[in-house]
Amino acid sequence: MPSPVHTFCFSSAGFIACSAIVLLCSSEVLSSWEEWWTYDGISGPSFWGLINPQWNMCNKGRRQSPIDVVPDKLLFDPYLRPLHIDKHKVSGTLHNTGQSLVFRVDKDTKQHVNISGGPLAYRYQFEEIYIHYGTENSRGSEHYIQGYSFPGEIQIYGFNKELYHNMSEAQHKSQGIVGLSLMVQIGETPNPELRIITSTFNKVLYRGFSTPIRHISVRSLLPNTDHYITYEGSTTHPGCWESTVWIIVNKPIYITKQELYQLRRLMQGSESTPKAPLGNNARPVQSLHHRTVRTNIDFKRNKNQNACPSMYKDMYYRANRWSPDTGLLIR
Ligand SMILES: *[C@@H]1O[C@H](CO)[C@@H](O)[C@H](O)[C@H]1NC(C)=O
Ligand SMILES: *[C@@H]1O[C@H](CO)[C@@H](O)[C@H](O)[C@H]1NC(C)=O
């Protein structure tokens, strides 16, 4: 059988780029196709929606992720509950996919880690962790806070176990996915659970390399806070499906300079053609398009931190009350 040759032409703001790729004629075709995307150049984020028609939300979607979180515009929601994540440990495999560093929980796991509560209407099953980071300290995270990018971001993904069978089914369906985002900052007191992952970085130097990770507690990766920021968005990798409830934990976790140095040695390519470093694997921030970003941080109650803006001026959930006398809404 001849190999099918696909030519893609992308046009964007005054330039047109064409590229031909030859897909192997085997059962590998689909997976090669799905893996053919990058964080820069003509297969980068601006073109994800054009590479594959099934990824058109990457270009057309209006509820996309990541976003820049602007603290002044957060809406305090007193009905947001604490988040629940099971404490017990699970095992899995860390993969260098050539685009990211991804941990996937073992398929035969007997007791899965449930994620529920918070803004979630359903119970989600923890499935994978994506690690995003920069090659310099000034960038790395996908979500920004007031225009600030952290050196890294750890994204814990789960799928809606009550409505769907698995991640691949759930990721493009309504309420399919939860994305729990941990900002990573450089510090001297590293997160011990993160160290279980960072100690394996030298085993995943090149694309296609993977290594088992035994007994890791997702709950223990989280910093010590109940505060979070939440909004509805998309997966930050193709196909950018708008199925994701994002929960950004309001405190970073810490990684040491040495661990970050190990991470920055990872490459996008194979051992023989390493190509560029794996870092800077962040999709640019996307427009909010009038979405609401909610928080359970009651800034007014935390009066001692008076640098924080009051949420009450923006608290439209409580702004209006029905008056039985006049039949009017009173402010
Ligand atoms: C997670 O949820 C499932 C389904 O309700 C339940 O069977 C399982 O025991 C839960 N896991 C834990 C650790 O509570
Ligand atoms: C996911 O679940 C769907 C629906 O049950 C099934 O058709 C599909 O084969 C499953 N995919 C994987 C990767 O297990």
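Atom set for the values below is all heavy atoms of this structure, side chains included, hydrogens, waters and symmetry mates excluded. Both ligands and their constituent atoms are indexed starting at 1 by order of listing.
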Same cluster for Tyr144 and Tyr130 if Ile/Leu/Val/Met/Phe/Trp/Tyr side chains link at under 4.5 Å? no
Any link between Ile248 and Ile253 through a network of hydrophobic side chains (Ile, Leu, Val, Met, Phe, Trp, Tyr) touching at under 4.5 Å? no
For the residue pair Glu128 and Met167, establish whether any side-chain heavy-atom pair is separated by less than 4.5 Å. yes
What I want to check is whether the side chains of Glu153 and His132 have a donor and an acceptor closer together than 3.5 Å. no
Would you please write out the protein residues whose heavy atoms approach any atom of ligand 2 to under 4.0 angstrom, listed by chain and number? His165, Asn166, Ser168, Glu169
If a pair satisfies disulfide (SG to SG under 2.5 Å) and one of its residues is in residues 180-278, list it, with sequence neighbours excluded. Cys58-Cys240
For Asn114, counting its heavy atoms only, list the atoms of ligand 1 lying under 4.0 Å from any of them. 1 (C), 2 (O), 3 (C), 8 (C), 10 (C), 11 (N), 12 (C), 14 (O)
Among residues at least two apart in sequence or on other chains, which ones pass side chain to side chain contact (heavy atoms under 4.5 Å, CB included) with Ser168? Asn166, Gln171
Can you list everything that forms a side chain to side chain contact (heavy atoms under 4.5 Å, CB included) with Thr211? Sequence neighbours excluded, please. Leu94, Thr200, Lys203, Val204
Under-4.0 Å heavy-atom contact with ligand 1, by part of His88 that carries it: side chain
Record the part of Arg123 in heavy-atom contact with ligand 1 below 4.0 Å; permitted values are side chain, backbone, both and neither. side chain
